[in-house]
Amino acid sequence: MCCSRLAPKTGSSPTSDRYHRDTMADPLFTISATLRDAFASVTGLPAVGIDPVVRPSDRADAQVNGALALAKQVGRNPREVADAVVATGALAAICSAVEVAGPGFINLTFTEAFLAEQLAASAEDARLGVRMAAVTERAVVDYSAPNVAKEMHVGHLRSTVIGDSIVRLLQFVGHEVVRENHIGDWGTPFGMLIEHLLDLGDSAAIDMSDPNPFYQAARAKFDADDDFKARARDRVVALQSGDPSTLAIWQRLVDNSAEYFDIVYRQLGVLLTHDDLMGESAYHDKLAGVVEQLAVKGLLEQSDGADVVFVPGFTNREGDPLPLIVQKGHGGFNYATSDLACVIDRVDRLGATLLVYVVGSPQAQHLAMVFKVAEMAGWLAPPAHAVHVGFGSVLGADRKMYKTRSGENVKLQALLDEGVQRAAAAVAEKNPEMPADEQAAVGRMVGIGAIKYADLSTDRIKDYVFDWDRMLAFEGNTAPYLQYAHARICSIFRRAGVERPSVRSAPVSLAEPQERSLALALLQFDAVVHDTVEKFAPHRMCTYLFDLAQAFTGFYEACPVLKDGYETTRLSRLALCDLTARTLQQGLALLGIDAPERM
RNA sequence: GCCCUCGUAGCUCAGGGGAUAGAGCGCCGGCCUCCGGAGCCGGAUGCGCAGGUUCGAAUCCUGCCGAGGGCGCCA
């Protein structure tokens, strides 16, 4: 289901034609290609299709597990195959130790020179050694999707934050990305919203700090007042038939909401802007065509008065074939029709090869049906393909949907404000000498970062429990911990009075085990970025950054950088510090999180 | 009823078919005149249950148990 066209399994099974080879990369990736050839020559199997299964190891710098499976294939002893691969000498130049262990594992220890060379290449590279994807996708990412005239609440958080990170990751490895914010700006509610706006007068507008009262007032009138209800219904007809004055009022509502969305997006620090809005209204005049084309293609059937497409493999609660309804019994279209029009638009107009839907897991079946129908109709055909990036819910401490005490949706702005406020207090306590304006700026980075990181750092498919104390802690797998690690490294350079770029060509020594561990962690960044993109799994980046920060702590504990008596290792260790800070900063940036230089 | 997802340490979570399942928080016991403790070292407790595939399963398959979600005219 994951997008295998994006990238191979990074680090382990390279298909060399898929990557530009002009930058250095993860050593595990580099040696995979060499080992694949060595296994091919030893076993006589074709190199294509051989996976040497190179993995990080707690017994060495890396371990190669491929001999066990491949020996089985050719009916030989795994240890013998492993020995033969070692005997080819393919790894002699870059390994100080290569030993066969257990049933046929090959344990590798890289030479210090090889690791230092790889590190130097990363240090000199603005991309920190991260390869570009060789197959460039034109990716359309659909995320956030708030509704006009309604507030953004905690229910919009995950789609917006996960989608933003996926956009940044795709862009970083070279894909062309189109952001699509599919806002709810059309449909029957707009009759009452427009009438309510008219009732309020010419200068009326939605309160951008709290749109809900507007919607609720319109709703209340609609429910209580038959005259208003009739006006609202007439207004829907006028809107759908394109009445200019009605459209003008509708446009005011949309523009007003767009301003509100922009405020929230700026507060949240995501890339979405007004230009990314692509609401349901944009597809309004294409919906009849969608149904017509389905009819022409012979896919359309009648069921209980509605026009539907029966989708193979889907059944309802009676075990009967499950239809996707594209035109309701009384003629209206629904979201399935709109979603199909979207697919056509994204493939035809935008030239999308990859359609990413960052939408909650409950819609998995709906999207699977839409994708299937789009394929059946020929609208979604290779190379174009669609991926549902689903996610679980945000839960409260009671493990139920996160709500206020009175059971209402938590407003996104209020949530962000509270995070910033709590973080600012923590920063003020930790660094009381910092000027107030800087405390405020850092508080924003830390508070917003903490909220985003809490959302991104666990497997997106699972629900997670929203917990201020845990996400804002300076210990554990949190944004503040990583930001603090970054700030501390920056502080080393301030103290040393050294410009960071000046250490980027320094030779690196890896004599201490903690230096080696840190070096190995730094060199994994390339593989982790690709793994994260391939799986649409930001939590993998989070796990890596936390591991990296831990590796740095071990290094920092054991390896004095600026202390007297360590002058000869100073430059080398500063180089490790710099590369660590840059990797933390870049990794956090790919998650949409800022890394302050002091906090 | 059918379908989907999830079930790993007391808690929150990692774990790409490979060797002895990891981390953080919490707990217990030590250590450091520490470049801003993001401290350091040691210890205890675990893959929901039962089968199967495999040389090898937390990982793949089947069944069961438990939690959440979905299942024709809301989006």
Side-chain angles (χ1 to χ4, degrees), chain A residues 9-13 53 55-59 63 65-66 68-69 71-72 78 101-105 107 145 147 182 184 186-189 280 303-308 313-320 322-330 332-336 338-339 360-366 368 390 392-393 395 399-400 430-431 454 457-459 461-465 467 469-470 473-478 480-489 491-492 495-496 527 531 534-535 539-540 542-543 546-547 549-550 552-554 556-558 560-564 566 573 577 598-599:
Chain A
K9 282 181 184 173
T10 43
S12 61
S13 26
V53 196
R55 297 283 185 270
S57 176
D58 53 356
R59 298 158 186 257
Q63 63 181 58
N65 305 333
L68 289 87
K72 180 82 176 176
F105 301 104
N107 291 335
N147 293 308
H182 193 86
W186 202 252
T188 49
E280 291 167 355
S303 177
D304 294 340
D307 287 329
V308 309
F314 294 88
T315 54
N316 67 11
R317 67 185 76 205
E318 277 77 44
D320 300 324
L322 185 65
L324 186 70
I325 296 173
V326 293
Q327 187 156 18
K328 297 186 269 194
H330 51 271
F333 303 107
N334 62 6
Y335 69 128
S338 172
D339 284 342
S361 294
Q363 293 201 51
Q365 180 177 271
H366 166 72
S393 307
L395 306 179
R399 298 209 69 107
K400 293 179 179 167
K430 202 157 190 78
N431 201 341
S457 60
T458 61
D459 193 347
I461 206 68
K462 296 181 181 177
D463 300 340
Y464 77 94
V465 176
D467 182 337
D469 290 338
R470 202 166 53 242
F474 282 70
E475 300 86 36
N477 189 10
T478 68
Y481 172 82
L482 297 174
Q483 289 169 320
Y484 192 53
H486 175 265
R488 285 286 303 274
I489 298 173
S491 150
I492 295 169
R495 185 186 166 91
D531 194 35
E534 178 194 357
K535 304 269 185 12
H539 81 282
R540 289 175 178 263
C542 297
T543 301
F546 182 60
D547 289 345
Q550 303 256 80
F552 184 82
T553 303
Y556 192 63
E557 187 75 21
V561 180
L562 301 179
K563 287 182 183 172
D564 290 345
Y566 292 91
R573 288 176 178 174
C577 289
R598 70 183 92 215
M599 60 190 280

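Proteins come first, then strands; the chains are lettered A, B, ... in the order of their sequence lines, and each starts at number 1. Worth knowing before you read on, the calculation uses all heavy atoms, side chains too, and leaves out hydrogens, waters and symmetry mates.
- Between A/Phe474 and A/Met599 the shortest side-chain heavy-atom distance falls below 4.5 Å.
- In this structure, the OH atom of A/Tyr464 is 18 Å from the P atom of B/rG69, given to the nearest Å.
- Residue A/Pro560 is classed as a base contact, given a heavy-atom separation below 4.0 Å to a base.
- Across all strands shown, A/Glu280 has heavy atoms under 4.0 Å from sugar-phosphate atoms exclusively, and none from any base.
- A sub-4.0 Å separation between OP1 or OP2 of B/rG15 and a side-chain N or O of A/His539 is present.
- A 4.5 Å side-chain heavy-atom check between A/Thr543 and A/Asp547 finds at least one atom pair inside the cut-off.
- Protein atom CG of A/Leu322 is 11 Å distant from nucleotide atom P of B/rC73, rounded to whole Å.
- Residue contacts for A/Asp459: at a heavy-atom cut-off of 4.0 Å it reaches the sugar-phosphate backbone alone, with no base atom in range.
- Applying the 5.5 angstrom centroid cut-off and the 30 degree plane-angle cut-off, the aromatic ring of A/Tyr556 is stacked upon the base of B/rC35.
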Run the numbers on A/Leu324 and A/His366 for side-chain contact (heavy atoms from CB on, under 4.5 Å), then give the verdict.
CA-CA 8 Å; A/Leu324 186 70; A/His366 166 72; 4.2 Å; yes

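- When Watson-Crick and G-U wobble pairs are counted only if both distances are under 3.5 Å, B/rC49 pairs with B/rG63.
- A/Phe333 CZ to A/Glu280 CD: the interatomic distance, rounded to the nearest 0.5 Å, is 14.0 Å.
- Residue contacts for A/Tyr484: at a heavy-atom cut-off of 4.0 Å it reaches a base atom on one of the strands shown.
- Along RNA chain B, the nucleotide nearest to A/Arg540 and the one nearest to A/Phe333 differ in position, and the one closer to the 5' end is contacted by A/Arg540.
- Taking atom CG on A/Leu395 and atom C1' on B/rC13, their separation rounds to 14 Å, with Å as the unit.
- Between A/Arg470 atom CZ and B/rG24 atom P there is a gap of 15 Å when expressed in whole angstrom units.
- The residue A/Ala69 sits close to a base: some heavy atom pair falls under 4.0 Å.
- No engagement by A/Ala364 is indicated, since no non-hydrogen atom pair under 4.0 Å with the nucleic acid exists.
- The minimum heavy-atom distance between A/Ser361 and A/Ile461, with the atom names listed, is OG-CD1, 3.6 Å.
- B/rC55 and B/rG18 make up a base pair, with Watson-Crick or G-U wobble contacts both under 3.5 Å.
- Among the protein residues, A/Val561 comes within range of the nucleic acid bases, having at least one heavy atom under 4.0 Å from a base atom.
- The nearest whole Å value for the distance from the CZ atom in A/Phe314 to the P atom in B/rG70 is 16 Å.
- For B/rC2, the paired nucleotide is B/rG70, the pair qualifying as Watson-Crick or G-U wobble because both relevant distances are below 3.5 Å.
- One can place CZ of A/Arg317 at 16 Å from P of B/rC4, the figure rounded to the nearest angstrom.
- For A/Lys462 and B/rG7, the shortest distance from a side-chain N or O to OP1 or OP2 is below 4.0 Å.
- For the pair A/Glu475/A/Pro480, no side-chain contact is recorded, criterion being any heavy-atom separation below 4.5 Å from C-beta on.
- Nucleotide B/rA44 forms a pair with no other nucleotide shown, judged by Watson-Crick or G-U wobble geometry with both contacts under 3.5 Å.
- Among the heavy atoms of the strands, none lies under 4.0 Å from A/Ala473.
- Rounded to an integer number of Å, the gap from CG of A/Asn316 to P of B/rG72 is 7 Å.
- Nucleic acid contact for A/Gln550: sugar-phosphate only, since backbone atoms but no base atoms lie under 4.0 Å from a heavy atom of the residue.
- An OP1 or OP2 oxygen of B/rG15 is reached within less than 4.0 angstrom by no side-chain nitrogen or oxygen of A/Lys535.
- Base pairing of B/rU12: its partner is B/rA23, meeting the Watson-Crick or G-U wobble criterion (both donor-acceptor distances under 3.5 Å).
- When all heavy atoms are compared, the tightest approach of A/Ser303 to A/Val308 is CB-CG2, 3.9 Å.
- Closest approach to the A/Ile325 side chain among B/rC55, B/rA23, B/rG72 is made by B/rG72 (side chain taken as heavy atoms from C-beta onward).
- Here A/Arg399 does not reach the OP1 or OP2 of B/rC11: none of its side-chain N or O atoms lies under 4.0 Å away.
- Contact annotation for A/Asn107: base contact, defined as any heavy-atom pair under 4.0 Å involving a base atom.
- Atom CG in A/Asp463 sits about 18 Å away from atom P in B/rC4, given to the nearest Å.
- A donor-acceptor contact under 3.5 Å links the side chain of A/Ser491 to the base of B/rG36.
- Minimum atom distance to the side chain of A/Lys72 is reached by B/rU54, of the listed B/rU54, B/rC40, B/rA23.
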